[in-house]
Amino acid sequence: MESMAVEKTDFIRQRIQKDLDQGVLDSGVITRFPPEPNGYLHIGHAKSICLNFGVAKEFGGKTFLRFDDTNPLKESEEYVAAIQADIEWLGFQWSDITFASNHFEEIYQYAVDLISEGKAYVCSLSPEEIRVTRGTLKEPGVDSPFRARPVAESIDLFKRMRGGEFKEGEHVVRLKIDMGSPNINLRDPVIYRIIHASHHKTGDDWCIYPMYDFTHCICDALEGISHSLCTLEFEDHRPLYDWVLDNISVNYHPPQIEFSRLGLEYTVMSKRLLNRLVDEEFVDGWNDPRMPTVSGLKRRGVPARAIRDFCARIGVTKQENTIEMNLLEFCIRADLEKTAPRGMCVIDPLKVVVTNLPENEIEKLSADWHPQNPELGAREILFGRDLYIEKGDFLEEPPAKFKRLTPGGMVRLRYGFIIRCDEAIYDDSGALTQLNCTYFPESRSGQDKSGLKARGVIHWVEANSCELVSVRQYGRLFNVPMPKSADFVDHIDKNSLTESQGLLEKAVMENEIDRIQFERIGYFYRDPDLPRTYNKTVSLREGF
RNA sequence: UGGGGUGUCGCCAAGUGGUAAGGCACCGGGUUUUGAUCCCGGCAUUCGCAGGUUCGAAUCCUGCCACCCCAGCCA
């Protein structure tokens, strides 16, 4: 089933194997995928999902889907539903869904404990004052005047914060670590703030919310996570992660291991930027086929298996990386090549009249759905006097090695007969409007007795039986390989969507095929919402 | 001369002291009723740079250089 996946071994798997070998894992491998429900998942998340779920599966463990919902201002139920759907679509199963908010009471209690032990305090500096006294990258910070606040007073204040007595910004709880630390995260980090907003899970139960650094490690510990995998930017937070777990009464302490995020050429991967693309309507929603979101890739027609294969091929390291788009496209083609039925669709039509075939006479042809996989069966194709071929498949003055139709030249119509072009007809403005051709009955596909030699093979459709469809072709969203967040809007390719009409072979529509290769063009996906619309997933490789 | 990371082929990535895997891309050639697929073959005397240790170094040591991350009451 997953035979396509490459052999995976990376520093994280090696580490886990080592832990297993040394018997330090009491409950086996337990990982978690911890998205904040404040946006849709993208292919970068897919990398993390493949890692977390993949590793657990490989080592016989389990994975929790944990929503990191500590900021009610940004999070919503819409996102938790979408995230679940995307993960399932990607083909992974969690053992449980948890929410950081499930643990709010315990987290609160740990904060109370820390205050009681003099390891945390309620700080009543304004946000601005906290910022200023934090120091800079080179200069140490200075202690808050509230650092020495009596324990009892902090406890009292914290309880009243919870009770809703204060406005946002009036007080926060801070850890008492070291304002002189070269690691800014250790300069008395804020762990609780007041937010008077309804939470999508806890409603109005709380008006104080714990911050990520305090919450995440506690949840990992409470859930017995064996390996807490996250991205590189959290490396500086690890000392804080460890400090918290070392200073509260939990007796379990998972290791945090960081890996590099996925970079992909010609797109952006931050939620903030993706959000702007949607909000400012550069794209048509989160699931626009040009988006690197899971839902966008899905709507584009990318199979989940191709995404998994891609994630397996890019590996997991600590190196910054920007993967070329051609690797993703390779993975998509590799999957679709084996699985997608073939069909014919003419996108830029040129009329062809087969002059030696009587009006209303129809020849029935048979064509396999797949050249290498007979099990997919075959369909019937009609051949008549009026046909359409691709404009680009005829050239008055062909270059050397042109393998298509030319004046007086012969080509085979895929699955059909060889035809010869006898005459090209132009309208008053000099535009080519029609080709008159002769077909050779003896050259019928599969039983050719004509002895004729065609220049090449082109796709076509029969004029009276084909279906008119809408074809959407997508280019890169950006015209530079690595858009910078500062000016990414300036590099958006405004012409990344091309919509045109296509003439589609009848059988493709009748059989309601979702993923189809339009021969000689590319792989297409029948849009799930728009009728008679096909989205181009990826082009075929062009060999010349 | 704040701290934390990373540097192996155009893009990824193995390699963990014994003499540079693999994939994508690219370039040749073969098959082919998709200029697709498929199949063969080519593609780093060299591992950011400079020294050093060693019989032997991408792997150890020293010193440089480059790039990324951190100063949210975001995650």
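Chain letters run A, B, ... following the sequence lines, proteins first, then strands; residues in each count from 1.
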Between B:C38 and B:U31, how far apart are the C1' atoms? Round to whole Å, please. 8 Å
Looking at A:F383 versus A:Y439, is the centre-to-centre ring distance below 6.0 Å? yes
Short side-chain N/O contact to B:C73 OP1/OP2 from A:R134, under 4.0 Å: yes
Please report the distance, rounded to the nearest Å, between CZ in A:R313 and P in B:C24. 6 Å
What is the distance, to the nearest angstrom, from the CZ atom on A:F11 to the C1' atom on B:U16? 15 Å
Report which part of the nucleic acid A:R455 touches: base, sugar-phosphate, or nothing (heavy-atom distance under 4.0 Å, all strands). nothing
If you look at every strand shown and take non-hydrogen atoms under 4.0 Å, does A:F402 touch a base, only sugar-phosphate, or nothing? base
What's the gap between B:U19 and B:G35 when it is taken at their C1' atoms, as a whole Å value? 44 Å
Pair partner, B:G72 [Watson-Crick or wobble, under 3.5 Å]: none
Interatomic distance where CG belongs to A:D309 and P belongs to B:A13 [whole Å]: 16 Å
Please confirm whether the shortest side-chain N or O distance from A:T322 to OP1 or OP2 of B:C11 is below 4.0 Å. no
Rounded C1' spacing from B:G3 to B:C43 in Å: 42 Å
Reckon A:I194 touches a base, only the sugar-phosphate, or nothing at all at heavy-atom distances under 4.0 Å? nothing
Verdict with supporting geometry, A:R444 and A:E363, salt bridge (Lys or Arg N to Asp or Glu O under 4.0 Å): CA-CA 10 Å; A:R444 191 187 187 94; A:E363 290 277 353; 3.1 Å; yes
Looking only at side-chain N and O atoms, does A:R541 come under 4.0 Å of OP1 or OP2 in B:C26? yes
Nearest-Å distance, CD (A:Q319) to P (B:U8)? 5 Å
For B:C68, take OP1 and OP2 only and decide whether either is under 4.0 Å from a side-chain N or O of A:S260. no
With respect to the side chain of A:F330, which nucleotide from B:A75, B:C12, B:C24 is positioned closest? B:C24
The nucleotide from B:A75, B:G2, B:C73 with an atom nearest the side chain of A:V172 is B:C73
Is it true that a side-chain atom of A:R193 and a backbone atom of A:P210 form a donor plus acceptor pair closer than 3.5 Å? yes
If you measure from the C1' atom in B:A66 to the same atom in B:A71, how many Å do you get, rounded? 24 Å
Is there a residue in residues 120-127 of chain A whose heavy atoms reach under 4.0 Å of RNA chain B, and which residues are they? A:L125, A:S126, A:P127
In whole angstroms, the gap separating P of B:A75 from NE2 of A:H199 amounts to 10 Å
Scanning all shown strands, the Watson-Crick or wobble mate of B:A13 with both distances under 3.5 Å is none
Quiz item: A:E324 side-chain donor-acceptor pair to B:G10 base, under 3.5 Å: yes
To the nearest 0.5 Å, atom OG of A:S154 lies from atom CG of A:L114 at 12.0 Å
Ion pair present between A:R32 and A:E223, side-chain N to carboxylate O less than 4.0 angstrom? no
What nucleotide among B:A71, B:U16, B:G5 has an atom nearest to a side-chain atom of A:Q14? B:U16
Ring centres under 6.0 angstrom apart (A:H216, A:Y212): yes
Between B:G48 and B:C65 - C1' atom distance, rounded Å: 7 Å
Donor-acceptor pair present, A:D236 side chain and B:G3 base, under 3.5 Å: yes
So that I know where these two stand, are A:F67 and A:F99 an aromatic pair - ring centroids less than 6.0 Å apart? yes
Test applied, ring pair (Phe, Tyr, Trp, His ring centres under 6.0 Å); reference residue, A:Y192; option that passes from A:F158, A:Y209, A:F104: A:F158
Taking the nucleotide of RNA chain B with the closest heavy atom to each, which residue, A:E337 or A:K47, is nearer the 5' end? A:K47
Please classify the nucleic acid contact of A:K271 as base, sugar-phosphate, or nothing, using heavy-atom distances under 4.0 Å. nothing
Between B:C12, B:C70, B:C73, which nucleotide has the shortest distance from any of its atoms to the side chain of A:I184? B:C70
My understanding is that a pair needs two contacts under 3.5 Å, Watson-Crick or G-U wobble. By that rule, which nucleotide pairs with B:C49? B:G63
Using atom C1' of each nucleotide, how far apart are B:G7 and B:A50 to the nearest Å? 16 Å
With rounding to the closest Å, how many angstrom separate the C1' atoms on B:A75 and B:G56? 49 Å
Please state the C1' separation for the pair B:G17 and B:G52 - nearest whole angstrom. 15 Å
Listed nucleotide nearest any side-chain atom of A:L327, set B:C24, B:C74, B:A25: B:C24
Looking across every strand, which nucleic acid part, if any, lies under 4.0 Å from A:G446 by heavy atom: base, sugar-phosphate, or nothing? base
Would you compute the distance between atom CD1 of A:I389 and atom CG of A:L387 and round it to the nearest 0.5 angstrom? 9.0 Å
Tell me which nucleotide among B:C12, B:C69, B:G3 gets nearest to the side chain of A:P182. B:G3
Crowding at NZ, A:K391 (>12 non-hydrogen neighbours, <6.0 Å): yes
Can you tell me the distance, in whole Å, between the CD1 atom of A:I195 and the P atom of B:C73? 12 Å
Residue pairs involving residues 120-134 of chain A (criterion side-chain hydrogen bond (donor to acceptor under 3.5 Å, both in side chains); sequence neighbours excluded): A:Y121-A:D188, A:S124-A:R149, A:S124-A:H171, A:S126-A:E129, A:E128-A:R131
Pick base, sugar-phosphate or nothing for A:H237, based on heavy-atom distances below 4.0 Å to the nucleic acid. base
Pick the nucleotide of RNA chain B nearest each of A:E168 and A:Q372; which residue has the one closer to the 5' end? A:Q372
Is A:E265 touching bases, backbone alone, or none of the nucleic acid, heavy atoms closer than 4.0 Å? nothing
B:G35 base to A:R404 side chain: any donor-acceptor pair below 3.5 Å? yes
Check the pair A:E235, A:K318 against salt bridge (Lys or Arg N to Asp or Glu O under 4.0 Å), reporting the backbone distance first and the verdict last. CA-CA 11 Å; A:E235 218 154 11; A:K318 299 190 71 158; 2.4 Å; yes
When we call it a touch if two heavy atoms are under 4.0 Å apart, what does A:M211 touch: a base, just sugar-phosphate, or nothing? sugar-phosphate
Torsion-based syn/anti label for B:G17, 90° from 0 as limit: anti
For A:K318, answer base if it contacts any base atom (sugar-phosphate contacts may also be present), sugar-phosphate if it contacts only those atoms, and nothing otherwise; contact means non-hydrogen atoms under 4.0 Å. sugar-phosphate
Would you mind reading off the distance between A:K74 atom NZ and B:C73 atom C1', rounded to a whole angstrom? 12 Å
Rounded to whole angstrom units, what separation is found between the CD atom of A:E320 and the P atom of B:A13? 10 Å
Side-chain N or O of A:R193 less than 4.0 angstrom from OP1 or OP2 on B:A75? yes
Once you apply a heavy-atom cut-off of 4.0 Å, does A:Y209 come out as touching a base, just sugar-phosphate, or nothing? nothing
